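Below is one structure, written out as structure tokens; the observations come after it.
Heavy atoms only: backbone and side chains are in, while hydrogens, waters and symmetry mates are out. The model shown is predicted, which means the values in this text are computed figures rather than measured ones. Protein chains get the first letters and strands the later ones, always in sequence-line order, with residue 1 at the start of each.
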Amino acid sequence: MTTETFIINELKKFLEKNEISDISIILQKPKDKKFGDYAANIALQLARHLHKKPFDIAKDIFASITVDTRYISKVEIAGAGFINFFSSNDYLFQQLDLLIKQGEKFGYTESGKGKRAQIEFVSANPTGPLTIGHGRQAVLGDTIARLLEMIGYNVTREYYFNNAGRQMRILGDSIRFRYMELIGEKIYFPDDHYQGKYIIDIARSVLEKHGKDVDIEDTSFFAKIGEENIFDDIKKTVKRLGFFFDVFYNEKSLYETGKIDSVVKELGKKGLTKEEDGALWFITTKLGFEQDRVLIKSTGEPTYRLPDMAYHIEKVKRGFDLIIDIFGADHIATFPDVLAAVKALGYDTEKIKVLIHQFVTLTEKGEKVKMSTRKANFVTLDELMDEVGVDVTRFFFLMRHMNAHLNFDLALAKTQSDENPVFYIQYAHARICSISELAVEKGIEIKDDCDLTRLTMPEEINLIKYLINFPTLIEAAALNFEPHRLTNYLFETASLFHKFYTVCRVLTDDPTLSKARLSLINAVRIILANGLRILGISAPDHM
RNA sequence: GCGCCUGUAGCUCAAUUGGAUAGAGCGUUGGAUUCCGGUUCCAAAGGCUGGGGGUUCGAUUCCCUUCAGGCGUACCA
């Protein structure tokens, strides 16, 4: 049992005794230490209910609580009627011991055990290298997947793509024109085609591999080679970021298996489609939307919407307990009607969570840099990693709430300075490793003779309290899909460690104290390493 | 016009999902090292949480309104 469940049980007893049922007990962790380690606002909640002053209710509750020193050391009433609980040191030491024994396993929980999650992200069509915008999404998606794995989920990382249609024709033509240019033909390169240098590189590779006799009218040949090249690069970029996709889902397969047709038919049966101006429309106005949407253009080509519906139906059918879509803010309007169709056809959309992240604003020397694949004045994800490294790239993308615009100051990111929090955290890890090595040199070894009760300084106790909260934090970050909580937590952990370090010497003349402190910093190292692992960031022994 | 997101210290951002005196980093100013890694630590200054109403014991958080910025508002994806 944890202190938290102990306190909740005590409060429940009070509620049962007074036959109160419609109140949920919420324990908070006060920011200010003088308010204890856990605070209950239950008396304030009950005030209206019982028509009594909160403070008087708090007094009644206070009287009913037994102080079990295995969990708590004291209870206080404060303010208008908060009840504050203080953890006992016995409990802290026991949890610290558990942390050290579990080591790299510490932080795993089981609330998602046996459940399967699918998370779809990046899903960029193969028309160019991944940009910084994709980078934010890639890192967010992978880290959310890692967090879900921490709480027991089995996670499928999925990439959905479309290698047909207008965009691919433009890609094919872009390469074709560059190829013609290379073999000495005079060409006009249209403004709305892909301008990037990578197109010329691909054209050159076509020339090297296939010579000068390629059919220069065959757009689809060039498109196919372009797709292969670009996908190879995308996969390399993703690998470099530190993960891989389990599934690349080709939109085309939805046509081949008849799933697209079946969506059209089913929507038709429900009376949700109509033909107008040669196109087939989805009558979204029947479902409460402002305007109807085109499903199949008058040219006979479907819009993105139709395969998206079929794809999401497939996701539900595949039996996942949790389905996550990550989109950039520019796709904000594209999913409500897709989900509405899925729902209208009788599939459970409750399991689908759509996460929207805001854009990355790239600034260089105070000037905004506009990103566009078509125009090619973008900075690619690879270029960014070349400049600042994988660790900094990942951390920067994760440290902000995804709803907030991310201001990526390229100049600042390029300077690998101490302004960067990732170095601060890694430095703490390296410093601990260094101390531990020195301890070994001095012949100080911890076996089973470590007396944690020697840890009594406020800096030590604060550190322990913060460390043992790690599993709770992971759980919250995972369930809310908020990786930035973990970056903040690790920064704070490093900070508490550095504060401890300046006040408490680890290797002293007192062998039992030294061993206790060595255990403590080992616990810090475990937390930093486990946390960084979840973020996909290295935890170096030396820097 | 309408929809979604955002607005918190000079700058970049937090705030335990409605809690107690709104916190960090950078920057500014001033300090700390005979000793385990100074890429560290301590302190000071800096705020009407964009403005105005409301809901209640209590609001940065929820509701209304207004202002500012971003993204959408396609027979592009």
Practice task
Verify the contact: side-chain N or O of S434(A) to OP1 or OP2 of G37(B), cut-off strictly under 4.0 Å; return yes or no.
Solution key: yes
Practice task
Examine A20(B): is either OP1 or OP2 under 4.0 Å from a nitrogen or oxygen in the side chain of K31(A)? Give yes or no.
Solution key: yes
Practice task
Give a yes or no on whether a donor-acceptor pair under 3.5 Å exists between the nucleobase atoms of C75(B), that is its base, and the side chain of T303(A).
Solution key: no
Handout entry: Nearest-angstrom distance, C1' atom, C67(B) to A20(B)
Key = 32 Å
Problem - Nearest-nucleotide 5' precedence on RNA chain B, E301(A) against D330(A) - result: D330(A)
Practice task
Have a look at C433(A) and say if it touches a base, only the backbone sugar-phosphate, or nothing, with a 4.0 Å heavy-atom cut-off.
Solution key: nothing
Exercise for the section: Taking syn as within 90° of 0 and anti otherwise, name the glycosidic form of U17(B). Expected result: syn
Handout entry: Whether F231(A) and F161(A) hold their rings parallel, tilted or perpendicular, with breakpoints at 30° and 60°
Key = perpendicular
Write down the protein N/O and nucleotide N/O pairs, taken from nucleotides 54-59 of chain B, whose separation is under 3.5 Å; answer none if there are no such pairs.
none

Exercise for the section: Mind checking the OG-CZ spacing from S123(A) to F248(A)? Nearest 0.5 Å is all I need. Expected result: 9.5 Å
Handout entry: Between C63(B) and G19(B) - P atom distance, rounded Å
Key = 15 Å
Exercise for the section: Classify the nucleic acid contact of A439(A) as base, sugar-phosphate or nothing, counting any heavy atom under 4.0 Å across all strands shown. Expected result: nothing
Practice task
Determine the interatomic distance between C1' on U28(B) and the same-named atom on C71(B); round to the nearest Å.
Solution key: 36 Å
Problem - P gap between U33(B) and G38(B), integer Å - result: 13 Å
Problem - Any donor-acceptor pair under 3.5 Å from D37(A) side chain to S87(A) backbone - result: yes
Handout entry: Pairwise C1' distance, A22(B) and U61(B) [rounded to whole Å]
Key = 12 Å
Practice task
Ignoring hydrogens and angles, state whether a donor on the side chain of K29(A) or N469(A) is under 3.5 Å from an acceptor on the partner side chain.
Solution key: yes
Problem - G-U wobble or Watson-Crick pairing nucleotide for G25(B) (cut-off 3.5 Å, both distances) - result: C11(B)
Problem - Per N480(A) side chain, nearest of listed nucleotides C36(B), C13(B), U17(B) - result: U17(B)
Practice task
Pick the C1' atom in C13(B) and in G30(B), then give their distance to the nearest Å.
Solution key: 26 Å
Exercise for the section: May I ask you to say what K499(A) touches in the nucleic acid, namely base, sugar-phosphate or nothing, with a heavy-atom cut-off under 4.0 Å? Expected result: sugar-phosphate
Practice task
For A124(A), report the nucleic acid contact type (base, sugar-phosphate, nothing); a contact means any heavy atom under 4.0 Å.
Solution key: nothing
What does the list of N/O pairs under 3.5 Å between the protein and nucleotides 3-10 of chain B look like, with a distance for each?
from	atom 1	to	atom 2	distance (Å)
C5(B)	O2'	Q358(A)	NE2	3.2
C5(B)	O2'	N403(A)	O	3.0

Practice task
Please check if any side-chain donor atom of H484(A) sits under 3.5 Å from a side-chain acceptor atom of T487(A), or the reverse.
Solution key: no
Handout entry: Distance, rounded to the nearest Å, where Y427(A) contributes OH and G25(B) contributes C1'
Key = 18 Å
Exercise for the section: Would you classify H484(A) as touching base, sugar-phosphate or nothing, given that sugar-phosphate means primed atoms plus P, OP1 and OP2, and contacts are heavy atoms under 4.0 Å? Expected result: sugar-phosphate
Practice task
Select one nucleotide: of G37(B), A77(B), C41(B), the one nearest the side-chain heavy atoms of K297(A).
Solution key: A77(B)
Problem - Interatomic distance, R431(A) CZ vs G38(B) C1' [rounded to whole Å] - result: 7 Å
Handout entry: E158(A)/K315(A) salt bridge by N-O under 4.0 Å criterion
Key = no
Handout entry: Closest non-hydrogen atom pair between I234(A) and Y159(A), with its separation
Key = CD1-OH, 3.6 Å
Exercise for the section: Using a 4.0 Å heavy-atom cut-off across all strands, classify T334(A) as base, sugar-phosphate, or nothing. Expected result: base
Handout entry: C1'-based separation of A45(B) from U55(B) [nearest Å]
Key = 37 Å
Exercise for the section: Please say whether the positively charged group of R431(A), taken as NZ for Lys or CZ for Arg, lies over the ring of Y501(A), i.e. under 6.0 angstrom from the six-membered ring centre and within 45 degrees of the axis. Expected result: yes
Problem - Counter-base of C57(B), judged by Watson-Crick or G-U geometry with both distances under 3.5 Å - result: G19(B)
Practice task
Rounded to the nearest 0.5 Å, what's the gap from CG on D60(A) to CD1 on I57(A)? Could you check?
Solution key: 7.5 Å
Exercise for the section: Look only at the side chain of S538(A) and the backbone of P540(A), and say whether a donor-acceptor pair between them is shorter than 3.5 Å. Expected result: no
Handout entry: Polar pair under 3.5 Å, donor/acceptor by atom type, side chain R400(A), base C13(B)
Key = no
Handout entry: Atom pair distance, as rounded to whole Å: CZ in F491(A) and C1' in A14(B)
Key = 11 Å
Exercise for the section: Indicate whether OP1 or OP2 belonging to A14(B) is found under 4.0 Å from a side-chain N or O atom of Y489(A). Expected result: no
Practice task
Return the 5'-most residue of the pair Q28(A), D277(A) with respect to RNA chain B, ranking by each residue's nearest nucleotide.
Solution key: Q28(A)
Practice task
Quick one: label Q291(A) by what it contacts on the DNA or RNA (base, sugar-phosphate, nothing), any heavy atom closer than 4.0 Å.
Solution key: sugar-phosphate
Exercise for the section: Take atom C1' in U60(B) and the same atom in A9(B), then report the distance between them in whole Å. Expected result: 14 Å
Exercise for the section: May I have the distance from L295(A) (atom CG) to A74(B) (atom C1'), rounded to whole angstrom? Expected result: 14 Å
Exercise for the section: Step through it carefully: locate the ring centre of H312(A), locate the ring centre of F335(A), and say whether they are under 6.0 Å apart. Expected result: no
Practice task
Output yes when at least one side-chain N/O atom of Y424(A) is less than 4.0 Å from OP1 or OP2 of C41(B), else no.
Solution key: yes
Exercise for the section: Spell out yes or no: do the side chain of R505(A) and the base of U33(B) have one donor N/O and one acceptor N/O closer than 3.5 Å? Expected result: no
Practice task
Report which part of the nucleic acid A279(A) touches: base, sugar-phosphate, or nothing (heavy-atom distance under 4.0 Å, all strands).
Solution key: base
Practice task
Provide, to the nearest angstrom, the distance between the CZ atom belonging to R293(A) and the P atom belonging to U73(B).
Solution key: 8 Å
Practice task
Look only at the side chain of Y91(A) and the backbone of T3(A), and say whether a donor-acceptor pair between them is shorter than 3.5 Å.
Solution key: yes
